[in-house]
Amino acid sequence: MTQSVTSAAASGAASSASGATSPKRAFWSSRMAFILAATGSAVGLGNIWKFPYITGENGGGAFVLVYLLCIAIVGIPIMMAEVLIGRRGGRSPVSSMGILCQRDKLHARWRWLAGIGVLASFLILSFYSVIGGWALSYVGTAGTGQLSGQSSESIGAIFSGLLADPGTLLIWHTLFMALTMLVVARGLRGGLERAVTILMPALFVLLLLLVGYAMTTGYFGQAVTFLFQPDFSKLSTEGILVALGHAFFTLSLGMGVMMAYGSYLPKGVSIARTSILVSVMDTGVALLAGLAIFPLVFANGLEPGAGPGLIFQTLPLAFAQMPFGSLFGTLFFVLLVFAAWTSAISLLEPLVEWLEERRGLNRMISTLGAGIAAWLLGIGSILSLNEWSGFAPLGMFAAFEGKTIFDLLDFLTANILLPLCGLLVAVFVGWFMARQALENELSMGGRSFALWYGVLRYVTPIAVAIVFIYNLL
Ligand code: PFF
């Protein structure tokens, strides 16, 4: 969390601005640093790997529309609420919640809301690292020229070969987790901030380039229709739940990450404007990824609903065919790894902070403990791609029928824990915190405040609750 904070932490500016918060706490070196770190957390595999494949699985346009609605009426209001809790509490998520409860004389049990988030981030990290490992392995595949000139079939075979090989998957998963633990244990601070400043825009440019290439395939129009022309007959109710869950996942909500980052945001910076900007950038990257991938899917007669392997079977095709494809391919996967890395760091950090605070462990031990535990759980996800692909641990319940460990972790976090935590955040901030405190913290004008407050109190919780209950039944 602290990677981008100024070293002038104790300069007094921090303590005077923070009011009741700990005088030792640092702040982001600038509003931009917060935006970059929050975007670094938000933009990750969720945008480039997950968004295209779940869009494909859920029929396209109608799903995208529901997803955009979820970002607007659920995601942005909750992101503002989380950043607000963090800035007002000024500590780690669980402690910030504790401070707010004390100040507003609310039941301390509300702290558990942040506890659910910590659990979710741990579970997500376990499989996130496995997919991060796929991206790492593709840096090697593209870098050694294995993609150039390949056909769609052989590219498909490279991917299925990877999934079928638990040993190789384990190596890449281990490497990815080790990289994540390294940063969290040592805190690359300035280095990471500088890297995000360069690599995020680079990723954006490269995605634009890929969209440019996709335009030359002759199937761009079909992809645009697929992504933006809603056909509600293709959208199931589970699809709506997936869209909602993904809005949380992609914006890093429901996990306390934005609370933790918000705790470093200087007073006076607009929470609303900042949250909207981060959300728009995040959504932009996802849509660009869709526009880069689907023309290739249609041009090569691939199946949009191919599942988690979609980007690994489509983008390499572009790299196989375009001039300097190996170079662009390598660069792309390096950037994807980087995007995944900054997100994984933000997934590990809450648990490490929690272990330090609650259990009094030092940072190194906390990082090792949390990282190794997530790594172990990740092995379950690896095996569910091959040896255990027929093993559905909760298969006796209809809702989990046929779901492997990997599917189950994904479903449980994105579709249950994150929306649940988000719902609690909306209820806590919308119904329990003092309105005056919210107005002060947001320093927002009458109408915009009323809009946010109304949406957060009524629309957000009702929308989340309906989708949730409907799916449970
Ligand atoms: N938002 C990240 C992505 O879209 O890949 C994933 C993620 C990171 C989720 C951090 C949650 C989180 F706390």
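Both counts, for ligands and for their atoms, begin at 1 and track the order of listing. Position 1 is the first residue of the sequence, and the numbers go up from there.
Residue pairs meeting the salt bridge (charged side-chain N to carboxylate O under 4.0 Å, His left out) criterion with at least one partner in residues 38-64, sequence neighbours excluded, are K50-D410.
Scored by the side chain to side chain contact (heavy atoms under 4.5 Å, CB included) test, W452 finds P77, M80, A81, L84, V429, L438, L442, M444, F449, L456 as partners (sequence neighbours excluded). By the ring pair (Phe, Tyr, Trp, His ring centres under 6.0 Å) test, F428 is found to be paired with W110, residues two or more places apart in sequence or in another chain being considered.
A donor atom on one side chain and an acceptor atom on the other are found under 3.5 Å apart for D407 and T404.
Using a 30° and 60° split on the angle between ring planes, F298 and F226 fall in the perpendicular class, above 60°. Ring orientation note: the planes of F319 and F333 are nearly perpendicular, at an angle over 60° on the 30°/60° scale.
Residues with a heavy atom under 4.0 Å from ligand 1: S41, A42, G44, L45, G46, N47, Y128, F249, T250, S252, M255, V257, S343, S346, L347.
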